[in-house]
Amino acid sequence: MTQVEIDYVEVSEVAGEPMSGEQLERLQNRYLWARRLCKGGDVVEVACGTGPGLGLLKAVAKSLVAGDVSDTMVARCRSHYGNRISVSRFDAQALPFPDSSKDVVIICEALYYVPNIDKFLDESRRVLRPNGQLLVVVANKDLPDFNPSPHSHVYLGPVELNERLSRRGFAVRCFGYLPIDTVSLLQRILRPMKRLAVALGVVPKTMKGKQLLKRLIFGRLVSMPAELTEASRYVEPVSIPADVPDRRHKVIYCAAVLQ
């Protein structure tokens with residue numbers, strides 16, 4: 001099965017769907033982090049989904065284009081942004097941009113859906129200018145209760161990101177966001193139960209299937225916005241080593257500069 005044969009709506013964060021407050025904070029924070037590295041640049045977001053962060057990026061970028069492999073995602077994104085932002089359907093493994101034409105390539109919480117990650121990394125290197133940046137945000141696979149998403153292929157942590165990007169001429173910096181020891185007491189109590197559920201394979205696979213669990217763990221859910229605002233709170237991610245697995249943070253950020 002190729003990437004273009006799958007519709008990721010059922011496993012993705014989609015505008016208008018319920019999500020926990022923590023999920024919303026994670027969503028906001030990754031785009032507020034990325035926009036600090038996009039100022040004045042020609043930017044592309046790959047696997048943009050319904051595009052919640054595009055407005056934030058557009059406000060600081062010289063130019064911005066975005067795309068997703070899902071027709072449904074692209075249609076929803078276009079219905080919100082109209083002519084404000086160019087959104088099209090494309091495959092992360094074959095970026096439709098000329099060589100050395102972009103300053104920043106962004107992929108958030110989607111790298112593991114790309115069937116051949118090396119093709120995407122090669123394509124990112126091709127389209128980036130010297131000193132251009134590849135910004136990656138991924139769920140931390142190195143936590144003991146990590147639960148891979150359906151349709152995912154390979155998850156990369158700091159070690160794997162550093163290895164694959166370094167050999168392509170990138171200088172890699174990794175960061176951790178949302179320490180597990182700062183989450184709610186209930187989440188910490190339930191972590192061993194989640195680890196067991198993951199091991200037994202009984203965690204719901206779709207976003208809708210997970211909604212009841214979210215309500216039990218996080219309480220009241222909120223509706224995912226179609227577009228994030230600048231008023232959101234921002235927490236600076238913590239620099240972490242890129243040569244050892246991280247066991248402390250829920251989310252890994254990576255900023256790789258093409259040398």
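Keep in mind it's a predicted model, so treat the numbers as computed, not measured.
- With hydrogens and angles ignored, the 3.5 Å screen pairs no side-chain donor or acceptor of Ser12 with any backbone N or O of Val14.
- Ion pairing between a basic and an acidic side chain is recognised when a charged N comes within 4.0 Å of a carboxylate O; Glu123 and Lys102 show no such pairing.
- The distance from atom CZ of Arg35 to atom CH2 of Trp33, rounded to the nearest 0.5 Å, is 14.5 Å.
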(Q) Does Phe146 form a side-chain contact (heavy atoms from CB on, under 4.5 Å) with Asn140? I'd like the steps, not just the answer. (A) CA-CA 7 Å; Phe146 172 72; Asn140 187 2; 6.0 Å; no
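- The pair Arg89-Asp68 fails the salt-bridge criterion, with no side-chain N (NZ, NE, NH1 or NH2) lying under 4.0 Å from an Asp/Glu carboxylate O.
- Under a hydrophobic-cluster definition in which Ile, Leu, Val, Met, Phe, Trp and Tyr are linked whenever side-chain heavy atoms come within less than 4.5 Å, directly or via other members, Ile106 and Val257 are assigned to different clusters.
- Proximity of Val137 to Val251: side-chain heavy atoms (C-beta onward) are separated by under 4.5 Å at one or more points.
- Of the inter-residue distances, the one linking Asp246 atom CG with Ile180 atom CD1 reads 8.5 Å to the nearest 0.5 angstrom.
- For Phe120, there are no ring pair (Phe, Tyr, Trp, His ring centres under 6.0 Å) partners, not counting sequence neighbours.
- Judged purely by atom type and a 3.5 angstrom limit, Gln93 has no side-chain atom pairing as donor or acceptor with the backbone of Ile117.
- The CD atom of Glu17 lies 9.5 Å from the CE atom of Met224; values are rounded to the nearest 0.5 Å.
- Partner Asp99 forms a salt bridge (charged side-chain N to carboxylate O under 4.0 Å, His left out) with one of Arg129, Arg125, Arg126 and no other, that one being Arg126.
- Evaluation of the side chain to side chain contact (heavy atoms under 4.5 Å, CB included) rule for Ser101 yields Phe97, Pro98, Val127 as partners, not counting sequence neighbours.
- Proximity of His153 to Tyr112: side-chain heavy atoms (C-beta onward) are nowhere separated by under 4.5 Å.
- Interatomic distance, Glu25 CD to Leu27 CG, rounded to the nearest 0.5 Å: 11.0 Å.
- A donor and an acceptor atom, one from each side chain of Asn29 and Tyr253, are located under 3.5 Å apart.
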Q | side-chain contact (heavy atoms from CB on, under 4.5 Å) assessment of Leu128 paired with Val105 | A | CA-CA 7 Å; Leu128 283 170; Val105 174; 3.8 Å; yes
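- Residues satisfying the side chain to side chain contact (heavy atoms under 4.5 Å, CB included) test with Ser166, not counting sequence neighbours, are Asn162, Val172.
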Q. How far apart are the C-alpha atoms of Leu161 and Leu111, what are their side-chain angles, what is the distance that settles it, and do they pass the side-chain contact (heavy atoms from CB on, under 4.5 Å) test?
A. CA-CA 11 Å; Leu161 285 166; Leu111 184 63; 4.0 Å; yes
What side-chain donor-acceptor pairs closer than 3.5 Å can you find for residues 44-67, not counting sequence neighbours?
unit_1 : atom_1 : unit_2 : atom_2 : d
Glu45  : OE2    : Tyr31  : OH     : 2.5
Thr50  : OG1    : Ala15  : N      : 3.4
Ser63  : OG     : Asp42  : OD1    : 2.6

Q | Trace of the side-chain contact (heavy atoms from CB on, under 4.5 Å) decision for Val114 with Ile107 | A | CA-CA 11 Å; Val114 180; Ile107 185 166; 4.3 Å; yes
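- When hydrophobic clusters are built by joining Ile, Leu, Val, Met, Phe, Trp and Tyr residues whose side-chain heavy atoms come closer than 4.5 Å, directly or via intermediates, Val238 is not grouped with Phe175.
- Judged as a side chain to side chain contact (heavy atoms under 4.5 Å, CB included), and not counting sequence neighbours, the contacts of Asp118 are Asn116, Leu121, Arg164, Arg167, Arg168.
- Across every non-hydrogen atom of Gln259 and Ala171, the tightest pair is NE2-CB, 3.5 Å.
- Within the 4.5 Å cutoff, the side chain of His249 has heavy atoms near those of the Ile240 side chain.
- Contact detail for Tyr113 and Pro150: the closest heavy-atom pair is CE2-O, 3.4 Å.
- When atom types are taken as modelled, the side chain of Ser20 and the backbone of Gln23 share a donor-acceptor pair closer than 3.5 angstrom.
- Proximity of Asp142 to Val159: side-chain heavy atoms (C-beta onward) are nowhere separated by under 4.5 Å.
- Residues Gly157 and Lys141 approach most closely at N-CE, 3.4 Å, considering heavy atoms.
- Considering every non-hydrogen atom in both Leu135 and Cys38, the closest pair reads CD1-SG, 4.5 Å.
- Here the NZ atom belonging to Lys250 is positioned 3.5 Å from the CD atom belonging to Glu22, to the nearest 0.5 angstrom.
- Here the side chains of Ser149 and Tyr155 are in contact, with some heavy-atom distance below 4.5 Å.
- Summarising the geometry, atom SG belonging to Cys254 is positioned 7.0 Å from atom CG belonging to Leu134; distances are rounded to the nearest 0.5 Å.
- For Pro241, the side chain to side chain contact (heavy atoms under 4.5 Å, CB included) test picks out Asp243, Val244, with sequence neighbours left out.
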